[in-house]
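Everything numeric here is computed off the predicted structure, so don't read it as measured data.
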Amino acid sequence: MTWRQVLLLSCLSAMVLLSSVRQKVFMQESDASNFLKRRSKRSPKSRNEVNAENRQKLQADELQKEYYEEQRNEFENFVEEQKDEQEERSREAVEQWRQWHYDGLFPSYLYNRHHI
């Protein structure tokens, strides 16, 4: 008779566990129908839907702002590097010209000509 009691006890405990799990997993029928019910196109949005959409738009705007700011910074850095390189090439060219045309006088004779 003890094995019958053990079997009966285990079955009862399994039923209790299943019923408690069923209550946690499944919703009430009214909640389920409201959950699956779709809002018609003409009905106004709920406050939660409006807030969720606004949060998504703000997040998208923030990401776009960060992206364009990063692009602008990269372009500004590129332009600054190009300008620096151009100034360096120009300075080197002027320096080479001065070395080539140097006549031993300081400042150069060409720049100290007296026009009569």
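Residues meeting the side chain to side chain contact (heavy atoms under 4.5 Å, CB included) test with Q96, sequence neighbours left out: none. Residues passing the side chain to side chain contact (heavy atoms under 4.5 Å, CB included) test with E95 are Q99, sequence neighbours excluded. R89 pairs by the side-chain hydrogen bond (donor to acceptor under 3.5 Å, both in side chains) definition with Q86, not counting sequence neighbours. In this structure R55 satisfies the side chain to side chain contact (heavy atoms under 4.5 Å, CB included) test together with N51, A52, sequence neighbours excluded. For E92, the side chain to side chain contact (heavy atoms under 4.5 Å, CB included) criterion is met by E88, not counting sequence neighbours.
Note that the OG1 atom of T2 and the CG atom of L9 stand 12.0 Å from one another [nearest 0.5 Å].
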Distance-only donor-acceptor pairs under 3.5 Å for side chains of residues 66-80, two or more places apart:
unit_1: N73; atom_1: ND2; unit_2: E69; atom_2: O; d: 3.4
unit_1: N77; atom_1: ND2; unit_2: N73; atom_2: O; d: 3.3

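Distance alone, capped at 3.5 Å, is enough to place a donor-acceptor pair between the E49 side chain and the S46 backbone.
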